[in-house]
Protein chains: 2
Amino acid sequence: MKKPYHHGELRQALVDAARALVHDRGESGFSLSDACRRAGVSTAAPYRHFADKHEILAEVAAQGFIDMTNRSRAETTRHPVGSPERIVALGRVYFNFAISEPALFRMMFGQKPGIAENNRLWATGEECFAYVVQEVVSFCDANRIAGDAQLIALQLWTMVHGAASLTIDGDYAKVAPGLDVEGLIADAANRLLFSLPRTPSA
Amino acid sequence: MKKPYHHGELRQALVDAARALVHDRGESGFSLSDACRRAGVSTAAPYRHFADKHEILAEVAAQGFIDMTNRSRAETTRHPVGSPERIVALGRVYFNFAISEPALFRMMFGQKPGIAENNRLWATGEECFAYVVQEVVSFCDANRIAGDAQLIALQLWTMVHGAASLTIDGDYAKVAPGLDVEGLIADAANRLLFSLPRTPSA
DNA sequence: TTGCAATGTTAGCGACCCTAACATAATGTT
DNA sequence: AACATTATGTTAGGGTCGCTAACATTGCAA
């Protein structure tokens, strides 16, 4: 059997290769040429499917958001609606995602010249956050917590995002080696939630 | 007057050029060639002063830590030792630094292949954090707050770092345009501090 | 079948990082 | 003062990369 002139699934093959390469070498270490080699095509082939290198990376990041949203749904639905376990599960998914796919995580949330403008990426990211807000709303309702659910969600997001970033970027390791990051998050998140004003019970 | 063969201050000139270029175009948009053009030397000249491109960027990042530490000292000393204003000032300096120099901020705290290993960068970063811990220790002492000051400092750092990152990377803007980030930080930090256990007054 | 659109290819431009070999200037030794 | 040594520039060039232009092959549709 000989290689056909046309690849057939080149677009998806390039995205898959890009994701694998980014995972291995980081975004800055990723080259389109490498992805082409891996897909077995010439370096000019991608331009039939993508405008430029950034567009492939945006697609990879968008798939990251989809993955994260799916993992979030899968983990939260194992606990009753409105339970604190659902919020904890969300934080855990976020943190573990960052740990397991740091380069992808950075592409999703980091500043990306030429990537952030991508519409598809924008939409998948928004959808992901909307799910978190929805969960926080349910939690607040079930626990008679007063306050803007979106603001609460933003505070929790900020905390977990900070912890995830400082972990994968090696900053914690420099000043506090061996730190129990998950414990730190759990403690802070608890205090953030317990210090919220509550509506008087009926 | 004609240009002398030797530059005389090339090392510092290159670092200055690099810092300015990183500020304008970001780390990924920075090229050593540009810095050489700006300094008026050939592209081979830097290698008499630096091992490679990463070493220049590490020097830039280290100067960023020194700047941040200086700003922290300058702002905190305007308030009495142990006062909450000193902690607030620290957070403000951190956040404003990220806003005013986002690219530099990312180089200081982001993952940097070939940069993070730099010893000088490592030392300046540690010194910067040590100052924060020292301030938190003073605050806890003055306010009879029980608990590991380093852990408290780490939690505050996490919160502010998350907020700074999500701001400069444009992530807040996507899901909550017009968000009052400083208010969000202040509220969360207050709740984190007020929910700490206190030693009984004598 | 035949023409067109889609999707590959090769060749090449310009930018970049870095090294090798060479040129010039500053410094120190006698 | 003459010379050797070291420091710090230069030019030339190799290898990689992103991207484009021109050409080749294939699938599909009239």
Side-chain angles (χ1 to χ4, degrees), chain A residues 1-61 103 107 112-118, chain B residues 1-61 103 107 112-118:
Chain A
M1 55 179 283
K2 49 179 299 189
K3 201 179 74 171
Y5 189 85
H6 286 115
H7 184 286
E9 300 273 358
L10 182 53
R11 185 189 161 92
Q12 189 57 44
L14 284 172
V15 172
D16 292 346
R19 175 155 181 175
L21 287 168
V22 164
H23 177 82
D24 289 348
R25 310 182 207 181
E27 178 185 356
S28 65
F30 166 75
S31 86
L32 200 46
S33 310
D34 275 338
C36 290
R37 273 187 282 278
R38 183 171 286 216
V41 295
S42 74
T43 60
Y47 296 92
R48 300 296 176 192
H49 302 273
F50 302 94
D52 55 17
K53 179 184 178 180
H54 297 309
E55 201 167 291
I56 294 191
L57 293 177
E59 178 64 31
V60 171
M107 288 180 51
K112 332 96 195 181
I115 296 184
E117 304 80 5
N118 187 283
Chain B
M1 59 177 277
K2 50 176 300 187
K3 202 179 73 174
Y5 190 87
H6 285 113
H7 184 288
E9 300 273 359
L10 184 53
R11 185 191 162 94
Q12 190 57 44
L14 284 172
V15 172
D16 292 345
R19 176 155 180 176
L21 287 168
V22 164
H23 177 83
D24 290 348
R25 311 181 207 183
E27 179 184 355
S28 66
F30 166 76
S31 86
L32 199 46
S33 311
D34 274 339
C36 291
R37 273 187 283 278
R38 181 171 287 218
V41 295
S42 74
T43 60
Y47 297 92
R48 299 295 177 193
H49 301 273
F50 302 93
D52 55 16
K53 179 184 179 180
H54 298 310
E55 201 169 291
I56 295 191
L57 293 176
E59 179 64 31
V60 171
M107 286 179 51
K112 335 92 194 184
I115 296 184
E117 304 81 4
N118 187 284

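Only heavy atoms go into these numbers, but all of them, side chains included; no hydrogens, no water, no symmetry mates. Below, read A as the first sequence line, B as the second, and so on, with proteins coming before strands; counting in each chain starts at 1.
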> Expressed in angstrom and rounded to an integer, what is the separation of A/Gln12 atom CD from C/dT7 atom P?
Replying inline: 15 Å
>> Just the rounded figure in Å: distance from P of C/dA26 to CD of B/Glu9.
In response: 14 Å
> What nucleotide among D/dG18, D/dT10, C/dC18 has an atom nearest to a side-chain atom of B/Val41?
Replying inline: D/dT10
> For A/His54 and B/Ser42, take the nucleotide of DNA chain D holding the closest heavy atom to each; which residue's nucleotide lies nearer the 5' end?
Replying inline: B/Ser42
> Roughly how many Å is it from OH in B/Tyr47 to P in C/dA21, rounded to a whole number?
Replying inline: 17 Å
>> In this structure, how many angstroms lie between the C1' atom of D/dT25 and the CZ atom of A/Arg48, rounded?
In response: 12 Å
> Whole Å only: how far is the NE2 atom of A/His49 from the C1' atom of C/dA6?
Replying inline: 9 Å
> Taking for each residue the nucleotide of DNA chain D with the nearest heavy atom, is it A/Ala51 or A/Asp34 whose nucleotide lies nearer the 5' end?
Replying inline: A/Asp34
> Between D/dG18 atom P and A/Ile56 atom CD1, what is the distance in whole Å?
Replying inline: 10 Å
>> If you only use heavy atoms from C-beta on, which nucleotide in C/dC16, D/dC19, D/dT10 is closest to the side chain of B/Ser33?
In response: C/dC16
> Are B/Asp16 and B/Arg19 within salt-bridge range, i.e. N to O under 4.0 Å?
Replying inline: no
> For B/Phe30 and A/Ala44, take the nucleotide of DNA chain C holding the closest heavy atom to each; which residue's nucleotide lies nearer the 5' end?
Replying inline: A/Ala44
Please tabulate, for the side chains in residues 45-54 of chain A, all donor-acceptor contacts under 3.5 angstrom to protein atoms that are two or more places apart in sequence or on a different chain.
residue : atom : partner : partner atom : Å
A/Asp52 : OD1  : A/His54 : N            : 3.3
A/Asp52 : OD1  : A/Glu55 : N            : 3.1
A/Lys53 : NZ   : A/Phe30 : O            : 3.1

> CZ of A/Arg37 versus P of D/dG15: gap in Å, rounded?
Replying inline: 14 Å
> Rounded to the nearest 0.5 Å, how far apart are OG of A/Ser33 and CG of A/Leu21?
Replying inline: 11.0 Å
> Between A/Ile56 and A/Glu59, is any pair of side-chain heavy atoms under 4.5 Å apart?
Replying inline: no
>> Whole angstroms only, please: what is the CG-P distance between A/Leu32 and C/dA15?
In response: 20 Å
